[in-house]
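Here is how names work: the chains are called A, B, and so on, in the same order as the sequence lines, proteins then strands, and each is numbered from 1.
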Protein chains: 2
Amino acid sequence: MMSSKINTQQKILDAAQNLFAESGFNDTSLRQITTKAEVNLASVNYHFGSKKELIQAVLQRYLQILMPRLDQEFDLLLARTKPNNLPDVLAVFVKPLLELNQVQRKGTRTFLQLLGRGYTDVQGHLRWFINHHYGRTLDKLVLLVQQSCPHLPQSELFWRLHFSLGSIVFTMASNEALAEIALADFDEAVDIEGVICRLIPYLSAGIAAPVFNQVTQITTPPNMNEGAAKRQINASLSV
Amino acid sequence: MMSSKINTQQKILDAAQNLFAESGFNDTSLRQITTKAEVNLASVNYHFGSKKELIQAVLQRYLQILMPRLDQEFDLLLARTKPNNLPDVLAVFVKPLLELNQVQRKGTRTFLQLLGRGYTDVQGHLRWFINHHYGRTLDKLVLLVQQSCPHLPQSELFWRLHFSLGSIVFTMASNEALAEIALADFDEAVDIEGVICRLIPYLSAGIAAPVFNQVTQITTPPNMNEGAAKRQINASLSV
DNA sequence: CAGTGATTCAAACGTACATTTCAAACAGGT
DNA sequence: ACCTGTTTGAAATGTACGTTTGAATCACTG
């Protein structure tokens with residue numbers, strides 16, 4: 001039935017992932033993708049059904065490798081008797097992320113850019129898609145961060161995790177431009193690994209920062225309902 | 001010649017700013033804008049020339065108020081003999097930003113959302129527009145941060161300022177959704193002021209975090225050229 | 001109140017998009 | 001070699017967009 005022509009799907013996925021990473025999902029047309037992939041325009045709808053599903057397939061190629069790896073790293077940390085400190089928790093991302101380079105050339109950079117696009121472009125279906133498939137893993141991450149920052153109220157943690165997500169996503173979306181500037185002005189060749197390593201101390205310090213009681217803040221007494229809190233932190237963490 | 005019908009431009013600007021803030025520039029059509037503003041479709045091109053120029057006009061309404069205020073705050077800090085600490089530098093944003101609420105209801109939130117959209121949507125002309133008009137003011141900010149963090153190499157500062165920009169921009173772009181979650185799960189009504197106040201300790205700690213010498217990092221010796229560095233940090237800071 | 005320039009309006013233009021259609025080309029099994 | 005189901009190809013469909021057009025309407029001046 002099928003054999004030698006499997007690669008049409010691959011050609012589409014490869015072309016799509018690079019164009020998506022460069023220009024975002026909304027600003028990349030199926031015509032650009034099929035032209036670059038040297039396949040017929042109708043192939044995308046034939047093989048993937050729709051543009052939406054193509055976007056999900058492109059991300060899924062990386063997620064199905066990354067997420068199980070992260071999951072097992074999280075389990076290792078959770079199994080420890082002593083609580084982990086925050087930099088160690090964040091550091092577990094490094095290896096699984098860099099292993100994506102073995103999946104595909106520049107895989108790590110591409111995946112992170114795609115993740116950034118998933119947030120900044122309006123792609124509600126991606127949010128749902130990721131959380132539906134990998135919500136359990138994300139739960140473990142939130143738990144680990146909570147354990148490593150026991151002094152932080154849940155609400156503060158919620159905001160800081162999103163601040164962090166913003167740093168990551170924004171940096172990765174504009175990653176190439178930033179790397180070029182860094183190279184030109186500081187003679188520093190910063191690859192994706194370098195950026196990740198620079199992010200960790202920044203994020204660790206930010207997340208664990210002392211809570212500052214602001215003058216103007218009129219906060220309702222923290223009256224939160226426990227279970228929903230964690231679920232929602234993680235739900236909104238996914239794309 | 002003109003008198004009572006000035007408000008067509010205002011109606012367009014008001015409708016456009018809210019739709020832009022909600023859905024981004026690319027995903028808001030002139031038809032949506034003119035429908036909401038209850039004006040004719042052709043009015044936008046008649047009064048503003050093009051969609052691009054409308055986008056700039058929407059942002060300009062806030063920038064021309066905010067930036068001079070920031071500029072004078074920066075000058076005050078720069079005039080001090082003792083170096084300022086980082087939280088104080090970042091804190092000067094609070095008042096000028098909140099004053100935008102007097103310009104328009106929910107002005108602060110709207111402006112920050114628009115700024116976020118300016119980054120996440122691909123709007124190269126906005127980058128140029130802001131830097132062209134307000135580059136001098138941004139220079140002063142970079143200088144202040146440098147002074148308050150003398151232990152940081154320029155390249156590290158460069159990256160951390162962008163990490164911070166990502167936090168701000170991303171948080172503001174998804175501000176409403178986050179605020180809703182916070183309200184539902186933590187019984188915390190977090191307005192835009194609350195978010196800004198939460199951001200400051202996070203950003204301060206992140207930017208000023210100790211530099212961590214990563215194992216894997218193979219960095220070329222810091223060989224930077226002084227003037228270009230500052231210029232580029234700020235150039236890439238603008239939208 | 002006639003005339004003039006600024007504004008509004010409905011309609012159309014040209015372009016780009018995702019998706020559909022259906023015939024042609026292709027494969028593997030018998 | 002022939003059928004059968006899978007994949008490709010070129011073309012068309014329908015929708016939405018930003019922009020342009022030219023006549024109609026308005027507001028003001030002389």
| According to the interplanar angle, ranging from 0 to 90°, do the rings of B/F158 and A/F186 count as parallel (below 30°), tilted (30 to 60°) or perpendicular (above 60°)? | tilted
| field | Parallel, tilted or perpendicular: rings of A/W128 and A/H132 (30°, 60°) | value | parallel
| request: Drop me the distance from A/W159's CH2 to B/E188's CD, to the nearest 0.5 angstrom. | output: 9.0 Å
| query | If you measure from CD on B/Q154 to CG on B/L161, what distance do you get to the nearest 0.5 Å? | reply |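 Between atom CD of B/Q154 and atom CG of B/L161 there are 10.5 Å.
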| field | Residue B/S50, side-chain atoms from C-beta onward, closest of D/dT19, C/dC9, C/dA6 | value |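 Between D/dT19, C/dC9, C/dA6, the one nearest the side chain of B/S50 would be D/dT19.
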| note | Side-chain atoms of B/N40 come closest, of C/dC9, D/dT19, C/dT19, to C/dC9
| query | Should B/H47 be listed as having a side-chain N or O under 4.0 Å from OP1 or OP2 of C/dA6? | reply | no
| message | Below the 4.0 Å mark, does C/dT8 have OP1 or OP2 next to a side-chain nitrogen or oxygen of B/T8? | response |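 Answer is yes, contact under 4.0 Å.
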Please enumerate all protein N or O atoms sitting under 3.5 Å from an N or O of nucleotides 14-17 of chain D, with distances to 0.1 Å.
from: D/dC17; atom 1: OP1; to: B/S29; atom 2: OG; distance (Å): 3.3

| query | C/dA16 C1' sits how many Å from A/I33 CD1, rounded? | reply |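 Atom-to-atom, A/I33 to C/dA16, this comes out as 15 Å.
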| field | Whole angstrom value for the distance that separates P of C/dT8 from CG of B/N7 | value | 8 Å
| message | Centre-to-centre under 6.0 Å for A/F170 and B/F170, is that the case here? | response | no
| field | Chi angles and distances behind the side chain to side chain donor-acceptor pair (under 3.5 Å) call for B/E22, B/Q113 | value | CA-CA 8 Å; B/E22 274 175 38; B/Q113 286 177 339; over 6 Å; no
